[in-house]
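Numbering of ligands and ligand atoms starts at 1, following listing order.
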Amino acid sequence: MTAKKNLAVFCSGGGSNFKALRERILEKNLPCQIVMCLSNNSQCGAMRYARENGIDAVHLSSKVVPNESELTRRMLDELEKRKVDLILLAGYMKRVPKEVVQKYPKRILNIHPALLPKFGGEGMYGLNVHRAVLEAKEKESGATVHFVTENYDEGEIIVQEKVPVLPSDTPETLAARVLEVEHRIYADALEKTLARLG
Ligand code: GRF
């Protein structure tokens, strides 16, 4: 039997995607385990959820470690000591250092709340994305799970799903519709990636 893959989830916010991933892993007894949650915000919902569920909550930010290369080294240490196979970015608001991206090729996944390659890139996060979709009068939006490369939101797409944009939508109502899809497709993308890794 192959060993279970060790996952690290990187978050900055509420952690609803983190929770959805963990629930799918438990529900379907997937061959993996979440061994750490890393965040730049020690008090965010995701970190609370990690602590409540016995998952190592690792706080790393430029406030704690001002030196950039030291921060990268600490991040790599935390990943290496837990033998992390896959990193899942779930609402992580910081750029992943390029040394980490290079060390985990096709092993870092990200979820983006739009139909990439549209509405991606620098500044496209949170409600900004949904505002831009509404301003562009798009008829549909959606969510995308993709591999992380050194350029924002550009890696190979693993799963993508559309949702309609309604005439009555505000950025908030559209975000809520997209988030529901995110929870499902992120777990689907994890299953797909685990199957590929074998
Ligand atoms: C999601 O919309 C995700 O696509 C974006 O940040 C949000 C995170 O939400 N990158 P949560 O912390 O998983 O609830």
Open item on the list: How far is atom 10 (N) of ligand 1 from the closest protein heavy atom, and which atom is that?
Closed with: Ile111 O, 3.5 Å

- [ ] Would you mind checking which non-hydrogen protein atom is closest to atom 9 (O) of ligand 1, with the distance to 0.1 Å?
- [x] Asn17 ND2, 3.9 Å

Task: Pairwise side-chain contact, Leu115 with Val133, heavy-atom cut-off 4.5 Å (strictly under) - done: no

TODO: Would you mind reporting whether Leu166 and Thr173 have side-chain heavy atoms less than 4.5 Å apart?
DONE: no

Task: Closest to atom 12 (O) of ligand 1 among Pro113, Gly15, Gly91 (heavy-atom distance) - done: Gly15

Task: Of the listed options His183, Glu182, Met93, closest to atom 2 (O) of ligand 1 (non-hydrogen atoms) - done: Glu182

Open item on the list: A quick test of your reading: do over 12 heavy atoms of other residues, nucleotides or ligands sit less than 6.0 Å from CD of Glu180?
Closed with: no

- [ ] Inspect the surroundings of NZ in Lys103 and state if more than 12 heavy atoms from other residues, nucleotides or ligands are less than 6.0 Å away.
- [x] yes

Task: Pairing of Arg24 and Asp188 as salt bridge, 4.0 angstrom limit - done: yes

- [ ] Could you tell me which atoms of ligand 1, counted from 1 in the order shown, lie closer than 4.0 angstrom to a heavy atom of Ser16?
- [x] 11 (P), 12 (O), 13 (O), 14 (O)

- [ ] Would you mind running through ligand 1 and noting each atom that sits below 4.0 Å from a heavy atom of Gly14?
- [x] 12 (O)

